There are 2 protein chains.
Amino acid sequence: MAKHRPYICGIDAAMDVVGGKWKGLILWALHEGRRRTGELRRELPGVSEKMLIQQLRELEADGIVHREVYREVPPRVEYSLTERGVELNDALSPLSAWGQRHMPTIHAQREATSRA
Amino acid sequence: MAKHRPYICGIDAAMDVVGGKWKGLILWALHEGRRRTGELRRELPGVSEKMLIQQLRELEADGIVHREVYREVPPRVEYSLTERGVELNDALSPLSAWGQRHMPTIHAQREATSRA
DNA sequence: TGTGGTACTCACCAATTGGTAAGCATTGAA
DNA sequence: TTCAATGCTTACCAATTGGTGAGTACCACA
């Protein structure tokens, strides 16, 4: 996770919660509804099992996602957004729109500068 | 910086741009107007010179900040937001508000769980 | 008796990131 | 002649993060 220093501002705090390598993507996936662990893994191309679970645990600790275990065999675990998680996702949506808009340019610029 | 893989969604792209350790804070500081290097350093408690400049370079490469050098002695360099940077900052503001709202709880929860 | 499916957990190693401290160039002022 | 101020850059090391692959527990089912 991160350091326990006092936050400098709201951005600082929000970034600390959502800044993990896969957290934005996890949140976005859960936006569409609850998901089993395996479903999430399949929806996030490239995530390792270790990472996925670690990030989910951190989000859970921050009160963003809710983890529900069904005592079945084989085991079933479902993740969903808490109320706070829904709020966070809403707050993320302008950022998402910005990303959509600028994604092609950014990608192209990085390709270009890495060739130089 | 990060990998040159294609982005999965807008959040993915935006996080790639703004996810650096100090970038959110730099953006927030520049929101209030142009800043000299030394001013930024003093406004971000704990940042090292190396990190500050590295993050500024990356933001510049992504077209978020503009760097202007005045040929004086001692040298003067000023950073300001580009149009794209202003847009990004606007998109960040709901996130900032969310952070403000939840910052005390999050901080407290992390303190608690780290004691456990 | 053995295999499959699910959600983890762990140990180990490699890659990335961050911190520290020093150095450089320039020129006006002491 | 030496120093301070400013914005960088570099080398080196430590800490953090991420990937891989194996192992665990459980029970249904063949």
Side-chain angles (χ1 to χ4, degrees), chain A residues 1-5 8 12 15-26 29-30 34-62 65-80 110 113-114 116, chain B residues 1-5 8 12 15-26 29-30 34-62 65-80 110 113-114 116:
Chain A
M1 195 93 77
K3 319 97 255 292
H4 293 288
R5 44 135 198 203
I8 295 167
D12 195 17
M15 280 299 160
D16 200 24
V17 169
V18 92
K21 192 176 183 192
W22 298 98
K23 291 183 183 173
L25 266 10
I26 291 174
L30 290 180
R34 48 177 43 225
R35 290 280 187 281
R36 299 186 55 168
T37 315
E39 291 176 323
L40 281 175
R41 199 179 47 232
R42 284 184 290 272
E43 286 184 34
L44 307 190
V47 73
S48 71
E49 193 144 5
K50 180 181 112 175
M51 271 293 105
L52 176 62
I53 287 166
Q54 182 180 309
Q55 305 275 298
L56 283 167
R57 289 282 185 283
E58 294 182 4
L59 289 170
E60 193 192 357
D62 284 333
V65 309
H66 170 72
R67 176 168 181 267
E68 187 143 12
V69 182
Y70 296 84
R71 314 201 115 282
E72 304 172 357
V73 168
R76 181 159 64 104
V77 177
E78 287 188 352
Y79 294 92
S80 53
R110 296 206 173 175
T113 54
S114 71
Chain B
M1 195 92 76
K3 330 74 276 263
H4 294 286
R5 45 137 198 202
I8 295 168
D12 196 16
M15 281 299 161
D16 201 24
V17 169
V18 92
K21 192 175 183 193
W22 297 96
K23 291 185 183 173
L25 267 8
I26 291 174
L30 289 180
R34 47 180 40 226
R35 289 281 187 280
R36 299 186 55 166
T37 315
E39 290 176 324
L40 281 175
R41 200 180 44 232
R42 284 184 291 272
E43 286 184 34
L44 309 190
V47 73
S48 70
E49 193 143 5
K50 180 182 113 175
M51 271 293 105
L52 175 62
I53 287 166
Q54 183 181 308
Q55 305 273 298
L56 283 167
R57 289 282 185 283
E58 294 182 3
L59 289 171
E60 193 191 358
D62 284 334
V65 308
H66 171 70
R67 175 168 181 267
E68 187 144 12
V69 182
Y70 297 85
R71 314 201 116 282
E72 303 171 359
V73 167
R76 180 159 65 105
V77 177
E78 287 189 354
Y79 295 92
S80 53
R110 295 206 175 175
T113 54
S114 72

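Residue numbering restarts at 1 for every chain, and letters A, B, ... go by the order of the sequence lines. Keep in mind that what you see is a predicted model, and the values were worked out from it rather than measured.
- A/Y79 and A/L30 get closest at one heavy-atom pair: O-CD2, 3.5 Å.
- With respect to A/E78, the side-chain hydrogen bond (donor to acceptor under 3.5 Å, both in side chains) criterion is satisfied by exactly one of A/R34, A/H66, A/R67, A/R36: A/R34.
- A/Q54 has its side chain within reach of A/M51: a pair of non-hydrogen atoms, C-beta onward, lies under 4.5 Å apart.
- The phosphate of D/dT16 has neither OP1 nor OP2 within less than 4.0 Å of any side-chain N or O from A/K21.
- Shown here for B/E72 and B/R76, the closest heavy-atom pair between the two residues is OE2-NH2, 3.0 Å.
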Each nucleotide N or O in nucleotides 6-10 of chain D that has a protein N or O under 3.5 Å away: list the pair and distance.
| residue | atom | partner | partner atom | Å |
| --- | --- | --- | --- | --- |
| D/dT6 | O3' | B/R36 | NH2 | 3.2 |
| D/dT6 | O3' | B/P75 | O | 3.1 |
| D/dG7 | OP1 | B/R36 | NE | 3.2 |
| D/dG7 | OP1 | B/R36 | NH2 | 3.1 |
| D/dG7 | OP2 | B/G38 | N | 3.2 |
| D/dC8 | OP1 | B/R67 | NE | 3.2 |
| D/dC8 | OP1 | B/R67 | NH2 | 2.0 |
| D/dC8 | OP2 | B/T37 | OG1 | 3.0 |
| D/dC8 | OP2 | B/Y79 | OH | 2.8 |

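- Across all their heavy atoms, A/Q55 and A/W22 have their closest contact at OE1-N, 3.2 Å.
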Exercise. What's the verdict on salt bridge (charged side-chain N to carboxylate O under 4.0 Å, His left out) for B/E58 and B/K23, showing C-alpha distance, side-chain angles and the deciding distance?
Worked result: CA-CA 9 Å; B/E58 294 182 3; B/K23 291 185 183 173; 2.7 Å; yes
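- Between A/M51 atom CE and C/dA14 atom C1' the separation is 14 Å, expressed in whole Å.
- One can place CG of A/L40 at 12 Å from C1' of C/dA7, the figure rounded to the nearest angstrom.
- Here the C1' atom of nucleotide C/dC8 and the CZ atom of A/R71 are 14 Å apart, to the nearest Å.
- Rounded to a whole Å, the CD atom of A/E72 is 10 Å from the P atom of C/dA7.
- A distance of 4.5 Å separates CG of A/L56 from CD1 of A/I26, quoted to the nearest 0.5 Å.
- Between the side chain of B/D16 and the backbone N or O of B/D12, no donor-acceptor pair lies under 3.5 Å.
- Within the structure, every side-chain polar atom (N or O) of B/S48 is placed at least 4.0 Å from both OP1 and OP2 of C/dG18.
- Looking at every heavy atom in both residues, A/L59 comes nearest to A/V17 through CD2-O, 4.0 Å.
- The nearest whole Å value for the distance from the CG atom in A/L52 to the C1' atom in C/dA7 is 10 Å.
- The CD-C1' distance, from A/Q55 to D/dG18, rounds to 10 Å in whole Å.
- The end-to-end axis angle of the helix from C/dT1-D/dA30 to C/dA30-D/dT1, rounded to 10 degrees and based on five pairs per end, is 30°.
- Whole-Å rounding puts the B/L25 CG to C/dG18 P distance at 13 Å.
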